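Written below as structure tokens is the structure these notes are about.
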There are 2 protein chains.
Amino acid sequence: MKIAIVGAGAGGLSTASNIRKYNKDAEITVITMGKHIAYSPCAIPYVLGGEVENFKDIIMHEAEDYLEKNIKIITQAEVFDISSSENKIKYRLINEKTEEYELSYDYLVIATGASSFIPPIEGTNLNGVFKLRTLEDGLKINEWAEKSQNAVIVGASLIGVEVSYALRQKGLNVTMMEMLPQIIPRSLDPDMATIVQDYLEKHGINVILGQGIDKIIGDEHVEGTVFEDNVIDADLVIMATGVRPKTKLAEMAGCELGKWAVVVNEKMQTSIPNIYAVGDCVEVFDAITGESTQSMLGTTAVRQGKIAAKNIAGITAEFKPVLNSNVSKVGELEFGAVGLTVASARQNGIYAAYGKIRALTKARYYPGAKRIDVKIINNLKGRIIGCQLIGEERVAERVDIMSLAIIKGVTCSELATTEFSYAPPVSMVTDPIILAAEDACSKLKSVNKEEQD
Amino acid sequence: MKIAIVGAGAGGLSTASNIRKYNKDAEITVITMGKHIAYSPCAIPYVLGGEVENFKDIIMHEAEDYLEKNIKIITQAEVFDISSSENKIKYRLINEKTEEYELSYDYLVIATGASSFIPPIEGTNLNGVFKLRTLEDGLKINEWAEKSQNAVIVGASLIGVEVSYALRQKGLNVTMMEMLPQIIPRSLDPDMATIVQDYLEKHGINVILGQGIDKIIGDEHVEGTVFEDNVIDADLVIMATGVRPKTKLAEMAGCELGKWAVVVNEKMQTSIPNIYAVGDCVEVFDAITGESTQSMLGTTAVRQGKIAAKNIAGITAEFKPVLNSNVSKVGELEFGAVGLTVASARQNGIYAAYGKIRALTKARYYPGAKRIDVKIINNLKGRIIGCQLIGEERVAERVDIMSLAIIKGVTCSELATTEFSYAPPVSMVTDPIILAAEDACSKLKSVNKEEQD
């Protein structure tokens, strides 16, 4: 069995390694444009910020390491043609340019990922204007930042927030600009986003909301960003303005595209039966709304790779709708979310109520107890549909508790009576999640009473 | 409505405060033998060990504080008579001795807790031999330990382990003796208990397993513990040999007792309709086996108090069977468990398989990544029935994830595909729980294959 995989990110490599688990003999070839493989793109801001010492550290494996598993990885190679009727792809090595190679397959896995979206404004091509997507981007930003003083980050997504904090740690003056009236709009409601914003501002980051940039100015290199009549001096600009799935190859193969990206079934199979697709280049279903959406998370890509691998190896497995469970950390502040926000629920026609509390992670007498904010969102029947958590410790695993609660259809009243573990050095006798669930229950009662009245 | 509550531990006070939430007018009186109320007994080892500075710190409230909620607390008072036909109790103030007081009630809540069980061996009455249950015990041990050098802890339960570590932190030579061939036998399997034992031994604690003590020797005060032909010098001995529910009052009232303790229904009502009971003095049901069992956890008492309060206030609520989710921490090591162990499953006739992994809490390149051990136990249909976790960070919340998974009937294959959040500073792209669940799935396959063959 010959398997060709295009893309060596989390999705492509997870598929490759997992196929090998189930099939010792399959010929597995992975083709990637990149020079480096198997690195953690999510870790780039933490290298920039100095938490991780070196970019080399975040490269987990080299192409040679995969030879031990009998997986062949061809780096710096571009697939430029595909014939799904003949089960063949053609590629070139980027450094050679002319020579063309052909690879036939029984199964093709498209794991082409996504690329940064740069809005069509003046000046994005100036020296000192960067996107942040690959290890190479990280290296370039790191080098340029050494001689920079004023950075503007355009876009306050998770990555925008992380890189703003990282550059501030490097000593730069940092301004983060966001078109919407809040930071992290995809996963936090405004009331929760404010907590993160306060933390950023406390650490010297200038946050400008409700304001896009009109153009970037400069001569040879960037000198500032312009909005309305204002100029912000900048010798470093990072465009954290979103990503778009790379679907060209899938299109070329004749795979069906959906509203957002490549359409796959629950086996991760495209509309062409022997072509699978995984990772940022595919659409997924939202577990709450049932609508197609994007995930764009490394964890999703890894999980999809496992499912694709099983199905290719002849073991039936299904990829389930997602909640887009996510977490991040800047400095000491951890913040995460799962499921819908109040805003996204309402956009989907779901009337949402919520409970919200501020509590401590440990008994107040215990040294090192930290503040934690929890917001639990539920529909009018009490079923939990989302959660947002912000605190200085133990946030990530609480996001995971809520992920499981949502997927299992738990209501706020059921969650409020759930058993949590307790010991003074690690937790509260009544967990902050329970307190938020209790608050959600009582809010729900008053909402439902209003509805009745 | 007049409510009398006997006992001011987690169960009694949780009931009192929660009744007040739903009923502004109820006359609530709490009677307790203790001098101090509303302190955290679970925190005593951490005061002994110096993590918490002072015993005063762990007292959350005084009796006077409850007057603000219009809850009357009578401390140092002993209930010596009860007439459930007349709905009356009689009590004495310990410092007065002679005078008798009477209190009539519409509802009585028995929250008498448990007391230490001291085995009937010679020498337990010597000076320097302690139990560890109340704040007063903690104060006495702390004072005695100041002039001691060699401590023997009898019993390797959670409290035994915690106090052993605490006294070692104080600089004493510590020997912990356990009759069974492993430490923490109630919640950990031997393979996992060994990890905690290694940590204790690395920190200079002498652990003797499979060995009870025959007697305690000494003249005025304790001088040693004797087993077979051995003497261990000791000027401080702590009997961590278990606790027994205090059911005398319930018995006097005519409430039905079960195999372990006071029998209550799901409303926390005893066999006498206007008498409720909560906390360590009642039996509960095990969520997996369906059998009656004991819980003896502060979290259980708090949750039961909430349920009793609601029902007394006329709001129907049910206390669900328990998993006895627990966690502890000594030094940097956190360890917790929920549900059945392999051993307890087999005792209950459940043939259990399990998955087990050792992983890191963060990507290996991230500074501060810690080792974590996870064991997931499932029945032969794959349904998870227990989990044990040991590591140097983020264990407690993972216990809670597993508690929810077990209660919701999740299988190891379902857990293996569940969405977890990820960011390099806080987690692994594939959570240790997922890795253990995957291992459990593959083990299950081979177990089921063996069964078939």
Side-chain angles (χ1 to χ4, degrees), chain A residues 10 40 42-43 46 51-53 57-58 60 158 297-300 302-303 306-307 317-320 322-329 334 336 338 363-367 394-401 403-405 407-408 410 415 417-427 429-431 433, chain B residues 10 40 42-43 46 51-53 57-58 60 158 297-300 302-303 306-307 317-320 322-329 334 336 338 363-367 394-401 403-405 407-408 410 415 417-427 429-431 433:
Chain A
S40 169
C42 307
Y46 302 100
E51 272 101 348
V52 179
E53 208 175 310
D57 297 341
I58 67 169
M60 310 293 278
L158 285 183
L297 294 167
T299 46
T300 300
V302 168
R303 294 190 307 119
K306 289 177 183 176
I307 300 295
E318 284 188 13
F319 185 75
K320 299 279 169 52
V322 302
L323 293 169
N324 282 341
S325 177
N326 64 78
V327 69
S328 182
K329 188 174 184 185
E334 260 178 79
V338 55
R364 64 164 193 260
Y365 58 78
Y366 210 94
R394 294 175 186 267
V395 166
E397 291 71 24
R398 285 193 169 93
V399 172
D400 300 335
I401 295 169
S403 171
L404 188 62
I407 247 4
K408 296 305 290 181
V410 169
L415 185 63
T417 58
T418 295
E419 208 176 324
F420 278 64
S421 62
Y422 161 65
V426 294
S427 51
V429 67
T430 301
D431 197 89
I433 284 179
Chain B
S40 170
C42 306
Y46 303 100
E51 272 100 350
V52 178
E53 208 175 310
D57 298 340
I58 66 170
M60 310 293 277
L158 285 184
L297 294 167
T299 46
T300 300
V302 168
R303 295 190 305 122
K306 289 178 182 175
I307 299 294
E318 285 187 15
F319 185 74
K320 299 278 169 54
V322 303
L323 292 169
N324 283 340
S325 177
N326 65 79
V327 69
S328 181
K329 188 175 184 183
E334 261 179 80
V338 53
R364 63 164 193 257
Y365 60 77
Y366 210 93
R394 294 176 187 266
V395 165
E397 291 71 25
R398 286 194 169 92
V399 172
D400 301 336
I401 295 170
S403 171
L404 188 62
I407 246 9
K408 296 306 288 180
V410 169
L415 186 63
T417 58
T418 295
E419 208 176 323
F420 279 63
S421 62
Y422 162 65
V426 294
S427 51
V429 66
T430 300
D431 197 88
I433 285 179

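Chain naming here is simple, since letters A, B, ... match the order of the sequence lines and numbering starts at 1 in each. These numbers were taken from a predicted model, which means no experiment stands behind them.
- By the neighbour-count criterion of 12 heavy atoms within 6.0 Å, atom NZ of A:K320 is sparsely surrounded, having that number or fewer from other residues, nucleotides or ligands.
- Heavy-atom pairs under 4.5 Å with chain B peak, among A:I307, A:D431, A:T299, at A:T299.
- Here the side chains of B:E419 and A:N326 are not in contact, with every heavy-atom distance at 4.5 Å or above.
- Both the backbone and the side chain of B:L323 come within contact range of chain A, with heavy atoms under 4.5 Å apart.
- Using a 4.5 Å cut-off between heavy atoms, B:V426 contacts chain A through both its backbone and its side chain.
- Of all the listed residues (B:C42, B:S328, B:S403), the one sharing the greatest number of non-hydrogen pairs under 4.5 Å with chain A is B:C42.
- Between chain B and the options A:V327, A:V338, A:T300, heavy-atom pairs under 4.5 Å are most frequent for A:V327.
- Nearest heavy-atom pair across A:A10 and A:G298 is CB-O, 4.0 Å.
- Salt bridge annotation for B:R394-A:E334: present, with a cationic side-chain nitrogen under 4.0 angstrom from a carboxylate oxygen.
- For A:V429, the parts lying under 4.5 angstrom from a heavy atom of chain B are both the backbone and the side chain.
- Both the backbone and the side chain of B:D57 come within contact range of chain A, with heavy atoms under 4.5 Å apart.
- Side chains of A:D400 and B:S421: a donor on one and an acceptor on the other come within 3.5 Å.
- Counting heavy-atom pairs closer than 4.5 Å to chain B, the top residue among A:T418, A:L297, A:L404 is A:L404.
- For the set B:L158, B:N324, B:L415, B:I433, the entry with the most heavy-atom pairs within less than 4.5 Å of chain A is B:N324.
- The parts of B:A405 that come within reach of chain A are both its backbone and its side chain, each placing non-hydrogen atoms under 4.5 angstrom from that chain.
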Exercise for review: Begin from the C-alpha positions of B:S40 and A:Y422 and carry the test side-chain hydrogen bond (donor to acceptor under 3.5 Å, both in side chains) through to its verdict.
Suggested key: CA-CA 11 Å; B:S40 170; A:Y422 161 65; 3.3 Å; yes

Point to revise | From CA spacing to verdict: side-chain contact (heavy atoms from CB on, under 4.5 Å), B:Y365, A:M60 | key: CA-CA 8 Å; B:Y365 60 77; A:M60 310 293 278; 3.5 Å; yes

